[in-house]
Amino acid sequence: MDCKKALTEADGDMARAEELLRVRFGNKASKAAGRIAAEGVVSSFISKDGKTGILLEVNSETDFCAKNEEFLNFSNKLARTILEQNIEDIDSIGRAKINGVTIEELRTQLVGKIGENITPRRFISLSAKGSLYSYIHGSKLGVILDLESGSEELGKDIAMHIAATKPKAINESGIDPEIIDTERRVAIEKAKEAGKPEEMLSKIADGSVNKFLKDITLLNQSFVKDEKVTIQKLLNNNNNATIHSFHIYIVGDGIEKKEEDFAAEVAAVSKG
C-alpha cells in the first residue's frame, strides 16, 4: 500500500516514487529495489607483466553447478583465452578455440554433462596505465584494479577493500550529478518532515550529500583494515600511488531471476 500511495503521489513516476519512499522509510526501499538473483562465477586473469587483464562472469542455473570443478575450470580457461587471443566482445567467444576445439563446443559438452545452461555473460578487458591487481571473493564477486606506483601488497589490499565496500566511483567527478541532486532532494524532504527550520535545510542537505559522497567514493572511504586512514591517505603514504580505474562484477547483477512458487507447482501437478 505504501508503494501504491507513493506511485499515486508521483503520478506514476517510478524514480520519484522511490524518492518519496526513501524519505519515509530511509534507504530500505532503494535496497529492496536492487535485489537480484542469478548464479555463476566471476573469474579473472592478468598477464605476467600486470599490464593487461580480464574480468569475466559466466552464469549457470544453480549454485550447485557454480561450485562444480569442471565449471570452474571452464570459466578460468575462458578468462585466460579471452586475454591471450585478444577476444573483443562476448559474441565472439564461441568461435575462439582451446586446443583445437571451439569454446562453443566445450560449452555445449559441459552443458550436456552437467545438465544446466551455462552462458558467458560479460567481460571487461583492461590495459593498465600502472599495474593490474584483482581480488575474487568466493567466486561471486570480482574486482580488477589499475594502480600506479603502488606495491603488490597495496594493490591486493585496495582490491579487497573495493570488494568489501563496493564504491561507485574513484571520486566525486565519477558520480552522476543527477544522483547527487536526488540525495539533496531526499535530505531536504526528510528535514522538512522532521520540522527543521527553512534556513537550516540547505546546510542539512550539504552535510547529507557530503556523507553520501564519502560513503560511495573510493578515495574518501576509510580503509577496511584501518578505519583511521582513508584510501587517499593510504595512497599518499605509499609512494603517492594513483588509482586510474577499477571495475566490480557481482554474479547476477542486473539479472531478474524468476521466483519459483513450489507450493503452487506441486498443487498444479496434483490436480493434473
Side-chain angles (χ1 to χ4, degrees), residues 1-38 57 122 137 140-143 145 158 160-235 243 245-259 261:
M1 288 303 296
D2 289 316
C3 293
K4 184 177 179 180
K5 289 176 183 177
L7 278 168
T8 301
E9 187 176 338
D11 294 324
D13 185 327
M14 294 285 285
R16 177 57 183 156
E18 183 176 325
E19 284 185 32
L20 294 172
L21 287 169
R22 289 185 61 197
V23 168
R24 292 167 190 164
F25 306 114
N27 289 325
K28 289 182 180 179
S30 180
K31 290 179 180 178
R35 289 175 186 156
I36 53 90
E57 178 183 353
R122 55 177 173 164
H137 184 76
K140 298 298 182 184
L141 185 156
V143 172
L145 164 74
I158 294 179
M160 182 184 67
H161 169 94
I162 292 169
T165 62
K166 303 175 187 64
K168 301 296 184 186
I170 295 174
N171 52 38
E172 183 178 342
S173 66
I175 303 297
D176 187 337
E178 289 187 11
I179 294 176
I180 298 176
D181 290 343
T182 297
E183 290 302 315
R184 179 174 293 278
R185 287 197 302 270
V186 168
I188 289 174
E189 291 303 319
K190 281 184 176 180
K192 285 180 179 179
E193 291 201 356
K196 301 296 182 181
E198 188 73 26
E199 60 272 16
M200 289 181 61
L201 296 182
S202 180
K203 188 174 181 180
I204 291 171
D206 287 342
S208 181
V209 168
N210 288 336
K211 183 180 183 303
F212 170 73
L213 290 173
K214 182 179 179 181
D215 289 341
I216 68 169
T217 53
L218 177 57
L219 297 183
N220 291 311
Q221 290 180 335
S222 296
F223 182 37
V224 290
K225 286 188 173 181
D226 184 355
E227 293 187 354
K228 296 178 181 178
V229 178
T230 64
I231 295 299
Q232 181 64 73
K233 188 173 181 180
L234 183 67
L235 294 171
I243 296 171
S245 67
F246 70 87
H247 298 272
I248 307 171
Y249 274 2
I250 301 173
V251 168
D253 190 15
I255 297 176
E256 184 177 353
K257 186 177 180 181
K258 181 181 178 182
E259 295 293 334
D261 187 343

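I248 has its side chain out of reach of D253: every pair of non-hydrogen atoms, C-beta onward, lies at least 4.5 Å apart. Using a 4.5 Å cut-off on side-chain heavy atoms (C-beta onward), P167 and I162 make contact. Taking 4.5 Å as the limit, some side-chain heavy atom of K225 sits within range of a side-chain heavy atom of M160.
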Please walk me through it: do D206 and R184 pass side-chain contact (heavy atoms from CB on, under 4.5 Å)?
-> CA-CA 7 Å; D206 287 342; R184 179 174 293 278; 2.9 Å; yes

May I have the step-by-step check of side-chain contact (heavy atoms from CB on, under 4.5 Å) for E172 and I180, ending in yes or no?
-> CA-CA 9 Å; E172 183 178 342; I180 298 176; 4.1 Å; yes

L235/L219 under side-chain contact (heavy atoms from CB on, under 4.5 Å): CA gap, chis, key distance, verdict | CA-CA 9 Å; L235 294 171; L219 297 183; 3.6 Å; yes

Stepwise side-chain contact (heavy atoms from CB on, under 4.5 Å) test for L213 and E183 | CA-CA 10 Å; L213 290 173; E183 290 302 315; over 6 Å; no

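The distance from the CD1 atom of I250 to the NE2 atom of H137 is 11.0 Å, given to the nearest 0.5 Å. Note: R16 CZ to L7 CG = 12.0 Å, rounded to the nearest 0.5 Å. Put simply, CG on N220 and CZ on F212 are 12.5 Å apart, with the number rounded to the nearest 0.5 Å. Summarising the geometry, atom CD1 belonging to I170 is positioned 7.0 Å from atom CG belonging to L218; distances are rounded to the nearest 0.5 Å. Atom NZ of residue K192 and atom CG of residue L201 lie 6.5 Å apart, to the nearest 0.5 angstrom. In this structure, OG1 in T217 is found 12.0 Å from NZ in K168, a value given to the nearest 0.5 Å.
Residue K166 qualifies as enclosed at atom NZ: its count of foreign heavy atoms under 6.0 Å is above 12. More than 12 heavy atoms of other shown residues, nucleotides or ligands fall within 6.0 angstrom of atom NZ in K140.
Between D181 and R185 there is no salt bridge, since no side-chain N of the basic residue sits under 4.0 Å from a carboxylate O of the acidic one.
Between R122 and E57, the closest heavy-atom pair is NE-OE1, 2.6 Å. The shortest non-hydrogen separation linking I188 to A205 is CG1-CB, 3.7 Å.
A donor-acceptor distance shorter than 3.5 angstrom exists from the side chain of H161 to the backbone of V224, with no hydrogens or angles considered. At least one donor-acceptor pair under 3.5 Å links the side chain of T182 to the backbone N or O of E178.
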